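What follows is one structure encoded as structure tokens, with my remarks underneath.
Proteins get letters first, then strands, A, B, ... in listed order; numbering begins at 1 in each. Note that this is a predicted model, so its numbers are computed, not measured.
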Number of protein chains: 2
Amino acid sequence: MRDEGLFSEGDVVLVAVSGGVDSCTLLFLLKKFSHVLRISLIAAHLDHKIRVNSWKDRSFVEELCKRMEIPVEVSEVDVPSLWKGSGKTLEEVAREVRYSFLEETARRVRATKIALAHHSDDLLETVIHRLVRGTGPLGLACMRPKFGAFVRPLLPFKREEIEEYAKIMGIPYVVDETNYDLRITRNFIRHKIVPLLRELNPEVESAVYRLVNISTLLRNFIEEIVDEFVKENVEEQGEMDVFEKPKSDYLLLEVLRRLLQRRYGRVPEYEKMEVFLRNSNKVSFRTNLWTSVYIEKSYDYVAVGKTVFQGSYKLPVEGGIVEIFGFKIKIKVNYEGEKERLWIRNRKPGDRIVVNGKREKVKDLLIAHRVPTFYRDRLPLLVDEEDNVLWIPGVCVSDPLKERRIEVELLKAPKGFLKGG
Amino acid sequence: MRDEGLFSEGDVVLVAVSGGVDSCTLLFLLKKFSHVLRISLIAAHLDHKIRVNSWKDRSFVEELCKRMEIPVEVSEVDVPSLWKGSGKTLEEVAREVRYSFLEETARRVRATKIALAHHSDDLLETVIHRLVRGTGPLGLACMRPKFGAFVRPLLPFKREEIEEYAKIMGIPYVVDETNYDLRITRNFIRHKIVPLLRELNPEVESAVYRLVNISTLLRNFIEEIVDEFVKENVEEQGEMDVFEKPKSDYLLLEVLRRLLQRRYGRVPEYEKMEVFLRNSNKVSFRTNLWTSVYIEKSYDYVAVGKTVFQGSYKLPVEGGIVEIFGFKIKIKVNYEGEKERLWIRNRKPGDRIVVNGKREKVKDLLIAHRVPTFYRDRLPLLVDEEDNVLWIPGVCVSDPLKERRIEVELLKAPKGFLKGG
């Protein structure tokens, strides 16, 4: 335990004790080594009310802690009634309740660590569960030995080893009969699938423990790369994030997931991302993720979020500096005689501009200048009283503008607008 | 198939046909779309002699190809006799023989692609097999849709779908009765484990197909990062490779594996690497991998290979430039009177050098100058006729050297020697 660096001197450790063999053994071991590790212990027990006799477990834990001279924090939550109509499985609800109980209790009693009794059989079961339910490779980095305040000192050991140790040391515990209910996914995996895997490899827990260890290192590595990419390359543009498309599809995928998580707190199913990845070599491509939220690629840039501009605007300008949608433009009007009235507005279908004696379509000019699709409707155009387009910032000025005493300048453009997108 | 970019116009595709439903359906489908894809087909069948009646499959495939007007390449290999005493499983031997038959045949008939009939059930079975046997997260990137010349057009489909299609289209095939032999690992997984996984999630193949897809992207990404790191940061130093320790343990792990694979064609078990990783924050640490091969960390640098210098050398120097173990030193002797005799040699236990009037231990000076451990025994010391150390290149010159008419210069040092390691 010291080797893994799970505890630091002076830690106040909240130990989650259900009363089962794993958690009782954990409590026993931590008590035994608390002097060497220089940590102090508090036990925590949640009565989840899933079984009618769950109060028995509670009494057992209270009695045990009393005998071991360890303070114990107990709480009860009626998990079955929370579960009804939640749309989740009973296991999921129980898990959420348990973790929030532990976190709250830790805060209250000022515990610096929370110790969980998970072992390598739990790890194997979790990996199989995730694999079957669907996960990416980083999702295999589950049940990390250390995650935030949570630590899992028993993770390298097998259930068998723990039970053996408990027997030798005479550690008392209660048996949870729901452990044998095969309707519970975890039990189905434990009692039906794992024995078959063990037939193929008696050391399957170690194989999976190794996989999870390496996956955890890999996950940390990828998270750092993504953090750095986001920090260095992503520009927040109002309701969307824009960045230059990285060469690696994997990095693209993870960056998109990170940005969506940050903005909307959720990530779409992989299939939608895959459609985008498969088409991301096209000049322009857009995938709808959910209501109004898109991933859009145009030239070398990617935008994610509300990339489609659905409004319209027309603002009178008196001259001066205007900032809108990441564009910063400067307009200076040298009035003589009658005051000229000017507006900026977004483009409209059919917009044209007179340049070098030709009436060009605004759309064609935007394409010729490789302006990414997601900027085209946001871009502020300067128009006169008759709604003629005088200036497309960063692209061209019209002949009429040249003839008038109006000075224009694009001071700032959003990421990828000018670099040929 | 076009969407995935598996084939290019003009491809000559060698189709591996065992005679089973999967490969016959693949042959049928490729034939059907060969005009659209603009590819030409050659079938390939290997009689593996594992079953006494394997010649029947061969006749069946030959007859089928004749009717379909597809040329067929057939060969036979006595896999069971190759297997005996090979120390491998029959399945492994059969697999190796099959792949080398396909590669050789492709070369001979100038095929540009080799099509395999693997589907998503095969993928699921392979993932379970690897998981149980032990694999890292990148090892889940198995059965890639495209790998070198190999392509797997049926990978997105389930066995069930393929069988259904074969039935509807009346595609003929033979049934391999060894498919039901549970002593074969793959069949055990197929018939005993997969049905249980399907009870938990009827779409488990899709879940795993997705996992493998993402793992493949991830694997490509990591391989590029490792390639780049090796190219930019690793210096080959005779029998070892030296590089500055990257911050990420995962990157360190993969770089070490890449370098060991490159130099020795093998990689140690993860446990040995893990011992090194766990200790890699120490100032100096060394792990033995196998005979004379170590990973060694010292200060900020890592060396891998034969890091321990087991020989000794003593070379006379007349002056001039000497290159040894990545050190390049220049010695110029301005003779006056009697010719002075000088040598360079590696250090010996107890070596001392007189600097600023003090007799210092060479070892202490190397430590004080943060010279990585793996350079200390290789470093060329300049000594005189009485074997007194005159110069430790990059570290210090002795008082006697200063008094003599000898000029010394360290022209080049190996990676990390001077930067404080």
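- With a 4.5 Å cut-off on non-hydrogen atoms, V127(A) touches chain B through its side chain but not through its backbone.
- The residue among I214(B), N201(B), T216(B) with the most heavy atom pairs within less than 4.5 Å of chain A is I214(B).
- By the 4.5 Å heavy-atom criterion applied to side chains, I193(B) and L200(A) are counted as neighbours.
- Proximity to chain A (any heavy atom under 4.5 Å) is shown, for L218(B), by both the backbone and the side chain.
- Heavy atoms of L124(B) lying under 4.5 Å from chain A are absent altogether.
- Contact residues of residues 244-263 of chain B toward chain A are S248(B), D249(B), Y250(B), L251(B), L253(B) (heavy-atom distance under 4.5 Å).
- The greatest number of non-hydrogen atom pairs below 4.5 Å with chain A, out of V212(B), L277(B), L197(B), is found for L197(B).
- Most heavy-atom pairs under 4.5 Å with chain A: of the set A141(B), S215(B), G139(B), this distinction falls to S215(B).
- Neither the backbone nor the side chain of E203(B) comes within contact range of chain A; no heavy atoms are under 4.5 Å apart.
- Heavy-atom distances place the side chain of L140(A), and not its backbone, under 4.5 Å from chain B.
- Top candidate by heavy-atom pairs under 4.5 Å with chain B, chosen from E199(A), E224(A), R198(A), is E199(A).
- Closest non-hydrogen pair, N213(A) versus E274(B), comes out as ND2-OE2, 3.5 Å.
- Interface summary for chain B: among I222(A), I225(A), L217(A), the most heavy-atom pairs under 4.5 angstrom belong to L217(A).
- Residue with the most contacts toward chain B among A207(A), G134(A), P137(A): P137(A) (heavy-atom pairs, distance under 4.5 Å).
- The distance from atom CG of L196(B) to atom CD1 of I128(A), rounded to the nearest 0.5 Å, is 11.0 Å.
- R210(B) and E271(A) are joined by a salt bridge, as a carboxylate oxygen and a charged side-chain nitrogen come within less than 4.0 angstrom of each other.
- Put simply, CZ on R130(A) and CG on L211(B) are 12.0 Å apart, with the number rounded to the nearest 0.5 Å.
- If you tally non-hydrogen atom pairs under 4.5 Å between each of V204(B), V132(B), V208(B) and chain A, the highest count goes to V132(B).
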